[in-house]
Each structure stands twice: as structure tokens, then as C-alpha cells.
Amino acid sequence: MRVEGQARTAIWPAPERDAVFVIDQRLLPHRLAVLRLDTPEAAAAAIRDMAVRGAPLIGATAAWGLALQARTAADDAALRSAAAQLNATRPTAVNLAWALQRMLERLLPLPVGGRAAAAWQEAGRIADEDVACNAAIGTHGAALIVEASQRLKRRVNVLTHCNAGWIATVDWGTALAPVYKARDAGVDLHVWVDETRPRNQGASLTAWELGQEGIAHTVIADNTGGHLMQHGRVDLVIVGCDRVTRRGDVCNKIGTYLKALAAHDNGVPFYVAMPLSTLDRTMADGLREITIEERSPRELTHIAGLGPDGALVEVQLTPATSPALNLGFDVTPARLVTALITERGVVPANETSLEDLR
Ligand SMILES: CSC[C@H]1O[C@H](OP(=O)(O)O)[C@H](O)[C@@H]1O
């Protein structure tokens, strides 16, 4: 998918260095709309309101948000305040704090006068590194799909949950990068796309990406995956992540844990595509240490889509009097993870292997 003459990317800087452009993911797959973010407040709102989402893209957007701050006021207090505002937008994806910390470590030692240029440069480095990292994840992960294709001698069926595609990153994606690279290598594959209630990132974003790329896929209800695994219709699962602890516990979109349980019960390999920027070495026990974002119940009680006249509409699914609980993520213990697909290779989900990646 080429956006406005750009190479495939979910975020790109203005040549004037006074704004960044992002795709408003809330409107996909029905509208391809671009947002121009020219203040840290605009970047924060885009992350908080999920116009942009996906751990790596959240990090890149925050980095550019801080670079936008440095254009107007780059003293320590101004930068720290803007970083705090950006970091407060969403609590679970570690890439947000990681990117902001990296920006502050780069900027605060510099003279104030040189910070704006350095900030723009560092935000660009974070974005460029994300593309290279995800391409490498794609290469390492594609080998797993190629192996399955050669062993099975038929179309390979991959299941993924939520959206960890190129639109969740700067490019390539994480969980979908192996799919793209395997397709590029000529592998015959098909993707089961979990709709991923309640925000339906699978149904609206992963399905859109795969359709744009001409990759065979089928959207399924979240509750279907286990049945498909019981009947041998899933050869491997590949999902993304928002935070992975040093012992390999994986925090990802709500529902990931249930897929891991079904995969474990049916002997289906369960892989997590993990950029090292998503590894949080300060945490060990994901279940007890990772903050799970709770979002508005309205995301659960209502659903948005295309109305009969082509306008975007939102309708209520539940009784107006029924409370709803909207938890955004869950934690899959390392014991249920077959392996982590990183930019440095495919590694077991354990502390020793992750320590070796330092
Ligand atoms: C490479 S994206 C990783 C991760 O981010 C998504 O969460 P959200 O859509 O709420 O930002 C989802 O958990 C993806 O797997």
C-alpha cells in the first residue's frame, strides 16, 4: 500500500520538519485519512485516541512528538513535561517509555540550542531502526513458514491476533513481517485473521493490510481459533507484543493468552514477534508487574462501521443499562510461547536466551 506517493509507512515526517503525518487508523478500512501532527499535544491525542496504535508506532509517534516540542521550547523542564504528557497516554506498550527515555538521554546532555535538530534526527533514527528491525524479524520468521511449507507440502495456514502489521509500526510490522517475507519468497500461505474484539484491529486493519497486499486471508470470530486448531487447520500462530519481561512473559492484545492455551493444547507452534525495543528487562513476572490498560466501556458496548449510505456510523450492541469491562491486554506466560522471533533471530522465551541478546 503506497500512501500519497510515500513508500509503505504508517508515519512520515514533513520535509519542513514542522510536523509528522500519520494514517488515522480509526477510519480504516473504510477511509484512508492522513492526520498532520504539529505539536506534542497532537501526537499525544493521536496515541491516546488510537488514531495511531501498535507498540512500535506508538514509540515512533511519541519520539516525533517530543521533537515537535523541542522546536518551540527545548529546556529541560519543557522536554521533561512533554515527555511525561506523551508517556501518560497509554500504559502497557513499553515502546512508548523506551522511545521517550532514548530521546531524553540524547537531548538533555546537549546545549538547548542544538536540541531541536538533534531531536528530529533521533526520532528519524528510531523510525529507520524500526523498519530495519521489522524487516529482520520478517526474515527470521519467514524461515519458520518456509519450513512448514516444505514439510507439509501444501498451503500454510497462519493464525494471527490483533494487528501487528506494517500499520502498527513504521513499516513491515512484526507478526505480519514473516508473512510478507514468506509471500515474497513464493510460499503459498493463508492467514486466519482474528477479528480481535472489541476494537477489531484484526477485522479492520489486518484484513485491510492483507487485502491490499493480495495475501489470502479469512476473518474469523475470536472464538473460532481454538476449533480450527483442534481440526488441524492452523499450522502456526504468530502474534505481536506490547511488553515482554526478561523471563519471556508476553503482554499482548486481550485474547492472546486464550490463543496460546488452544495452541498448547493442540500442539500448534505459538510464536511471538518481538522487537528488542519491546523487551522490558526491569520486569520478570508479567502477570503481576505489567499494567493492563483499561479503556472506555463504549469500545465494547458500541461498534463502528460503514452505514448503508456510505457514512461511518456507530451502533449500540448492548442494553444501555448493562455495564461493560474493557481490558486491552493480557499476559501469556513464557511456558506457552514456542519461541520469540526477534531481529537477532528466533530464540526460546526464557531469561537465559534473552540475557544472551544483550
Ligand atoms: C506490533 S503492534 C504490537 C501490539 O500492539 C497492539 O495493541 P493496540 O492496537 O492496542 O496498540 C496489539 O496488542 C499488537 O499485537
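Numbers here simply count residues along the sequence, with the first being 1. Order of listing sets the numbers, starting from 1, for every ligand and every atom in it.
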Subject >> Gap separating the CZ atom of Arg197 from the CG atom of Asn326, nearest 0.5 angstrom >> reply: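 CG of Asn326 is found 9.0 Å from CZ of Arg197.
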Original post:
Would you call Asp194 and Gln201 a side-chain contact if the rule is heavy atoms closer than 4.5 Å?
Top reply: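 No. Closest side-chain heavy atoms not under 4.5 Å.
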Original post:
Quick one: does Arg155's side chain get under 4.5 Å of Asp188's, heavy atoms only?
Top reply: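 SC-SC contact between Arg155 and Asp188 confirmed.
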Subject >> Residues forming a salt bridge (charged side-chain N to carboxylate O under 4.0 Å, His left out) with Asp265, sequence neighbours excluded >> reply: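 For Asp265, no residue satisfies salt bridge (charged side-chain N to carboxylate O under 4.0 Å, His left out) once neighbours in sequence are set aside.
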**OP:** Evaluate side chain to side chain contact (heavy atoms under 4.5 Å, CB included) for Asn157 paired with Trp192, printing each intermediate quantity in order.
**Re:** CA-CA 7 Å; Asn157 291 297; Trp192 295 112; 3.8 Å; yes
Original post:
For ligand 1, what is the set of protein residues having any non-hydrogen atom at a distance below 4.0 Å?
Top reply: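 Heavy-atom contacts below 4.0 Å: Met50, Arg53, Gly54, Ala55, Pro56, Arg90, Cys162, Asn163, Ala164, Ala168, Thr174, Gln201, Gly240, Cys241, Asp242, Asn252, Lys253, Phe329.
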Original post:
Any donor and acceptor pair, going by atom type alone, linking the side chain of Ser204 with main-chain N or O of Pro29 inside 3.5 Å?
Top reply: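 Side chain of Ser204 to backbone of Pro29: no pair is present.
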